[in-house]
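One structure is given below, encoded as structure tokens.
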Amino acid sequence: MTKFSDLNLDPKVLKAIVDAGYESPTPIQEGAIPPALEGRDVLGIAQTGTGKTASFTLPMITLLAKGRARARMPRSLVLCPTRELAAQVAENFDTYTKYHKLTKALLIGGVSFKEQDKLIDKGVDVLIATPGRLLDHVERGKLLLTGVQVMVVDEADRMLDMGFIPDIERIFGLTPFTRQTLFFSATMAPEIERITNTFLSNPARVEVARQATSSENIEQVVMMFKGSRKDREASEKRKALRMLIDNEAEKCTNAIIFCNRKMDVDTVAKSLKKHGYDAAPIHGDLDQSQRTKTLDAFRDGSLRFLIASDVAARGLDVPAVSHVFNYDVPSHAEDYVHRIGRTGRAGRDGKAMMICVPRDEKNFDAIEKLIQKTITRIDNPMQTSDTLDEAPAAEQGEKPKRTRTRTPRKSAAPKVETAQVEAAPIEAAQAEPPKPHDAKSDAPKAVPHTREPKAQTNTHTNAQPKPQAQKEARGRSGNNNNRSRGGGGGDNKVVGMGDHMPGFIAMSFDERRTG
DNA sequence: AAAAAAC
């Protein structure tokens with residue numbers, strides 16, 4: 001078994017890795033680090049949770065350990081789609097640069113320019129940024145990207161979804177063509193393929209099975225739900241959510257609850273709070289300090305329920321999330337995979353529970369088709385008997401006077417009347433034997449049929465010619481053989497990196513930004 | 001149809 005010490009990393013990086021408690025690299029790390037250290041471009045096809053972040057931070061730190069930053073000319077750049085992901089990457093750098101004097105700046109929106117400007121002026125080794133704020137700095141003439149030796153694009157497919165690709169292309173154009181590029185995407189959409197063909201040069205292609213797709217360690221269930229009356233549907237759906245939560249009782253240590261709309265995030269969070277649940281919302285309309293505070297609280301365990309829009313669907317690495325609830329069926333099947341991937345991380349078990357209303361059934365079908373798996377149906381207890389106690393007059397205010405529903409966390413067994421109705425189907429669902437399926441069915445459309453041809457033939461498709469004196473194919477090409485150890489092993493052991501509790505939880509946003 | 005990201 002490969003150890004980090006076999007990977008030619010800087011001794012001080014190795015020491016930091018040991019301090020963090022890691023010994024062996026994950027497949028993506030094992031595949032990406034060697035070519036990255038050789039100065040090659042890397043095309044990594046992997047989701048977070050696979051140890052992807054360290055697969056670029058570790059070689060970057062090793063490479064940057066030689067040399068010094070110059071004012072306004074950062075030596076490396078990491079681009080992330082959301083502010084939270086950028087902060088997470090920054091934290092990862094902190095962990096592994098503890099024995100180095102490398103400096104970094106986190107350039108994200110929603111906070112003042114002042115501190116960011118100060119850091120840039122002093123000169124930083126690593127810039128971690130969201131595209132909008134980065135370009136803003138460039139346009140203000142405060143930042144030059146001509147000194148960037150290593151550029152990382154993280155979560156490229158999400159950048160695509162969010163319409164960032166033109167920005168990314170522009171940023172590529174601001175960096176020297178001699179730079180080394182490390183490019184990560186969970187999938188290879190045609191547009192992503194085009195970008196990599198244009199901006200990467202003979203990349204080492206490293207691919208790991210998507211961990212979260214429908215892996216054995218995430219139990220997935222769905223409750224088909226229909227309101228008794230149209231005007232009651234919303235409040236009944238919130239009640240259904242509470243029943244799902246209550247039924248899990250103490251098995252649900254914490255959870256992310258996803259809604260499709262920001263408005264529903266707010267409504268559900270408010271409703272849960274009113275019913276005595278420890279819940280807080282997170283979405284893009286909340287101000288950044290609030291977002292940071294909420295996420296930090298969820299990470300350190302002081303918040304049990306995070307109600308989230310898709311801002312939290314991808315990449316967020318909170319190691320021990322026991323449950324993901326899809327309050328709404330995501331309208332893009334891909335998003336389902338990302339959402340449930342917030343649980344069952346680092347080899348742990350996780351449970352994903354979804355509520356599906358009739359109008360979402362089409363989207364639901366698309367999800368089952370994507371993951372090539374039947375999601376276990378559980379019954380809606382309210383439909384079978386129990387709707388009567390939800391008096392129509394009381395429902396819209398969700399008055400807290402009904403104490404029975406307000407103290408769910410204390411009682412392991414939920415309400416008496418509903419207990420029998422609910423327990424049966426849900427227990428049955430849990431007893432369902434895990435279907436045997438191989439690695440391939442875990443990654444039904446992760447990588448279509450385009451595995452190697454493009455990476456090899458890309459030299460003639462370069463729209464933007466790029467001399468590659470120092471970047472010839474050395475060593476093995478087509479480095480895509482890293483599935484062997486994927487899949488998590490099933491013994492529920494915690495593996496890989498990214499499983500530590502980030503220290504920046506303890507810091508204020510200001511400290512983090514300047515630190 | 002919605003979310004995210006620059007001011």
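Each chain gets a letter, A, B and so on, in the order its sequence line appears, and its residues count up from 1.
An OP1 or OP2 oxygen of dA4(B) is reached within less than 4.0 angstrom by no side-chain nitrogen or oxygen of Thr130(A). In this model, the phosphate group of dA6(B) is not approached by any side-chain N or O of Arg140(A) to a distance below 4.0 Å at OP1 or OP2.
Within 4.0 Å of Asp136(A), counting heavy atoms only, lies at least one base atom of the nucleic acid. As judged by a 4.0 angstrom heavy-atom cut-off over every strand, Arg291(A) is placed among residues touching the sugar-phosphate backbone only. Counting any heavy atom pair closer than 4.0 Å across all strands shown, Gly163(A) reaches no nucleic acid atom.
Each of Lys351(A), Glu248(A), Glu219(A) was scored for a side chain to side chain donor-acceptor pair (under 3.5 Å) with His323(A), with one residue passing: Glu248(A).
Comparing atom distances between the Thr82(A) side chain and each of dA3(B), dA6(B), dA5(B) picks out dA5(B) as nearest. Of the listed nucleotides (dA6(B), dA4(B), dA2(B)), dA4(B) has the atom at the smallest distance from the side chain of Arg158(A).
Evaluation of the ring pair (Phe, Tyr, Trp, His ring centres under 6.0 Å) test over residues 113-149 of chain A, restricted to residues two or more places apart or in two chains, returns Phe113(A)-His137(A).
Put simply, CZ on Arg314(A) is 11 Å from C1' on dA4(B), counting in whole angstrom units. Straight-line distance from the CD1 atom of Ile171(A) to the C1' atom of dA6(B): 12 Å, rounded to whole Å. Rounded to whole Å, atom P of dA3(B) lies 15 Å from atom CZ of Phe164(A). Per the geometry, CZ belonging to Arg359(A) stands 14 Å off C1' belonging to dA2(B), to the nearest Å. In this structure, the CG atom of Leu143(A) is 14 Å from the P atom of dA6(B), given to the nearest Å.
Evaluation of atom-type donor-acceptor distances gives a pair under 3.5 Å for the side chain of His332(A) against the base of dA1(B). Taking 3.5 Å as the limit, the base of dA1(B) and the side chain of Ser331(A) contain a donor-acceptor pair of atoms between them.
One finds a salt bridge joining Asp121(A) and Arg72(A) here, because a Lys/Arg side-chain nitrogen approaches an Asp/Glu carboxylate oxygen to under 4.0 Å.
When the salt bridge (charged side-chain N to carboxylate O under 4.0 Å, His left out) test is applied to Asp264(A), the partners found at least two apart in sequence or on another chain are Arg261(A).
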